[in-house]
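Residue numbering restarts at 1 for every chain, and letters A, B, ... go by the order of the sequence lines.
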Amino acid sequence: MIAKGKAIKYGNNVDTDVIIPARYLTSSDPAELAAHCMEDIDADFINKVEKGDIIIAAKNFGCGSSREHAPMAIKASGISCVVAKTFARIFYRNSINIGLPILECEELCDESDEGDSIEVDFEKGEIRNITKGKIFKTQPFPEFMQEIIENDGLVGYIRNNMK
Amino acid sequence: MGMTMTQKILAKHSGRNRVKSGQLIMAEVDMVLGNDITTPVAVKEFNKLGLNEVFDKNKIAIVPDHFCPNKDIKSAEQVKLIREFSKKLEIVNFFEVGQMGIEHALLPEKGLVVAGDVVIGADSHTCTYGALGAFSTGVGSTDMACGMATGKAWFKIPEAIKFELVGKTGKWVSGKDVILHIIGMIGVDGALYKSMEFTGPGLAELSIDDRFTIANMAIEAGAKNGIFEVDEKTIEYIKGHSDKDYEIFTADDDAEYCETYIIDLAAIKPTVSFPHLPDNTRTEGEFGDIKIDQVVIGSCTNGRMQDMRDAAEIFKGRKVHPDVRCLIFPATQKIWRQAMNEGLFDIFIEAGVAISTPTCGPCLGGHMGVLAKDERAVATTNRNFVGRMGHPESEVYLASPHVAAASAVTGKISTPNDLQEVAK
Ligand code: SF4
């Protein structure tokens, strides 16, 4: 599996209230949520995001509430992968559970700029910044999580294990 | 190497004698919680499993508290969906408006959580129940769905940071100041993925309500959970609220902590988190001259009986500043009634405070006190992120009920010590 797109960059502590503000949580429709994704820190996000794009952020991405609407909005906006220095833990497990791939890679975040062309190879655990001509290594998923991802999220995993 | 409190609870619930940090486990859960925002998504996922029963209809709690009483048609439809789901699957602990309170105040009050439990909740402040010596943590809707189906959840065993509390808090300092002080010190990701374990002789000085406030905000330091050592006060609380069996887990003497902090409660001053992160703290004397438009006292952080009394202590014989709207939200029906019976409502109304039925309302900018552009609020809630209480260009300052009430009186960020100058 490969994700490829341009980098959209953010800083530290991007919280779930700016990923999808609570005022839109009267809906859980992914397309409706995606229309307001990142609105409060980056009103231009929905105009510039293209299918496959990759969010690159710094520390503690996704901190705040447990709303699964946050990774849902990001996924539905067309983002193929989020790479950050670190993730808030509920956001991390929610992303895995709904099948939005997310990876931690400190160096990539330091050495990439908005608009760079990025390619992620999940099997090799490799992230390439094509614009800068650099390759970065990242941690592969632990086996347990790989199983969840292979089953298209936790619900699929449980369904297969119930049989 | 020994185990921490959290590790022992998780070992027990995964059928192991021991676990170590980093290990991934499947654990049995004692309670699965959801609210009106997260449960509709969970119901959708649950239905994909094709089941027509939950693992245990007594061990699920569904609390419509965020946009309730329903603020608009869409939120009414979300609650309708979870109400029908709860009826169909005979969920015992579905709390309708009139019964409900803010989930994290309600569950302990109803005796649904006791020491030694493992609780997952599709709400990040599920970590509140650590105050009672339970392992409780926020998860997402998919986790809630799978928890309702199987009674299990996956966890990575966390490392722990130990907070050894010593000394005694000073006047006008409560649990809120303690946790804001700690978050200011370690940062909003200072405990990322870790458990925060609270212990030490200073515990005896903290009421259960103080402990709920502190555990509630563990997530604001990025923690997986916050947990308090069980003492007589905990046992008294549990026995007064629940018939459930509880189990006390204490950390081994040689338990491994990645860090240990000694927190001298006597050295903590009234503390306020300035926008837009809870770790942006300032203490009494450093606030400057910050005029405010609204004060909100309530939420799962500070909407309990002690908080009502703290606010009333300040408002007694005083008035809310004419430029300020002040709203008080007792967190549950029981707290509401007790505050009324103690005469606190007379004090509030006399002061010009509006009192609301229990709801999350303004805490997340949902309804009942949303801020306009450029407005500022002092709130006893737990998050001051951009746009948290309304317009993206509004501001939220987090504080204790004492500080929030004093600020309502003066019209700017103040502590009760500033009130001497304001005529009674
Ligand atoms: S009071 Fe605020 S923080 Fe607590 S559960 Fe409600 S919205 Fe969340």
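Lys74(B) NZ to Tyr24(A) OH: the interatomic distance, rounded to the nearest 0.5 Å, is 10.5 Å. Distance CD/Gln78(B) to OG/Ser28(A): 6.0 Å, rounded to 0.5 Å. Between the CG atom in Asn161(A) and the NZ atom in Lys152(B) there is a gap of 10.0 Å [rounded to 0.5 Å]. The line from CZ of Arg89(A) to CG of Asp189(B) is 14.5 Å long, rounded to the nearest 0.5 Å.
Interface summary for chain A: among Val139(B), Asp123(B), Val188(B), Thr126(B), the most heavy-atom pairs under 4.5 angstrom belong to Val139(B). With chain A as partner, the option from His66(B), Glu45(B), Arg383(B) having the largest number of non-hydrogen pairs under 4.5 angstrom is Arg383(B). For the options Lys48(B), Lys224(B), Lys156(B), heavy-atom pairs under 4.5 Å to chain A are most numerous at Lys224(B).
Side-chain atoms of Asp40(A) never come within 3.5 Å of backbone atoms of Gly387(B) as a donor-acceptor pair (strictly under, hydrogens ignored). Side-chain N or O atoms of Tyr193(B) include none that pairs as donor or acceptor with a backbone N or O of Ala88(A) at under 3.5 Å. The backbone N or O of Gly366(B) sits nowhere less than 3.5 Å from a side-chain atom of Arg23(A) that would complete a donor-acceptor pair.
Within the 4.5 angstrom heavy-atom criterion, only side-chain atoms of Asp72(B), from C-beta onward, approach chain A. In this structure, chain A has a heavy atom under 4.5 Å from the side chain of Thr150(B), while its backbone stays farther away. Only the side chain of Leu24(B) comes within less than 4.5 Å of a heavy atom of chain A; its backbone N, CA, C and O stay farther away. Interface remark: Phe87(A) contributes backbone and side-chain atoms alike to the contact with chain B (heavy atom separation under 4.5 Å). Interface remark: Ile148(A) contributes side-chain atoms only to the contact with chain B (heavy atom separation under 4.5 Å). Proximity to chain B (any heavy atom under 4.5 Å) is shown, for Thr16(A), by neither the backbone nor the side chain. Proximity to chain A (any heavy atom under 4.5 Å) is restricted, for Leu51(B), to the side chain, taken from C-beta onward. Of the atoms belonging to Leu192(B), it is side-chain heavy atoms, and not backbone ones, that fall under 4.5 Å from chain A. Residue contact with chain A, scored on non-hydrogen atoms closer than 4.5 Å, is absent for Met144(B).
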For Thr26(A) and Lys71(B): C-alpha separation, side-chain torsions, deciding distance, then whether side-chain contact (heavy atoms from CB on, under 4.5 Å) applies. CA-CA 10 Å; Thr26(A) 49; Lys71(B) 77 179 179 98; 4.1 Å; yes
For side-chain contact (heavy atoms from CB on, under 4.5 Å), just list the numbers for Phe46(B) and Val155(A), CA-CA rounded to whole Å, side-chain angles, deciding distance to a tenth of an Å, and then say yes or no. CA-CA 8 Å; Phe46(B) 182 87; Val155(A) 168; over 6 Å; no
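Put simply, the side chain of Phe385(B) does not reach to within 4.5 Å of the side chain of Val14(A), judged on heavy atoms. Considering only heavy atoms from C-beta on, Ile219(B) comes within 4.5 Å of Ile90(A) through its side chain. At least one side-chain heavy atom of Val41(B) sits less than 4.5 Å from a side-chain heavy atom of Met72(A).
Between Arg93(A) and Asp143(B) a salt bridge is recorded (basic side-chain N to carboxylate O distance below 4.0 Å). A salt bridge is absent between Lys44(B) and Glu68(A); no separation between the charged side-chain nitrogens and carboxylate oxygens falls under 4.0 Å.
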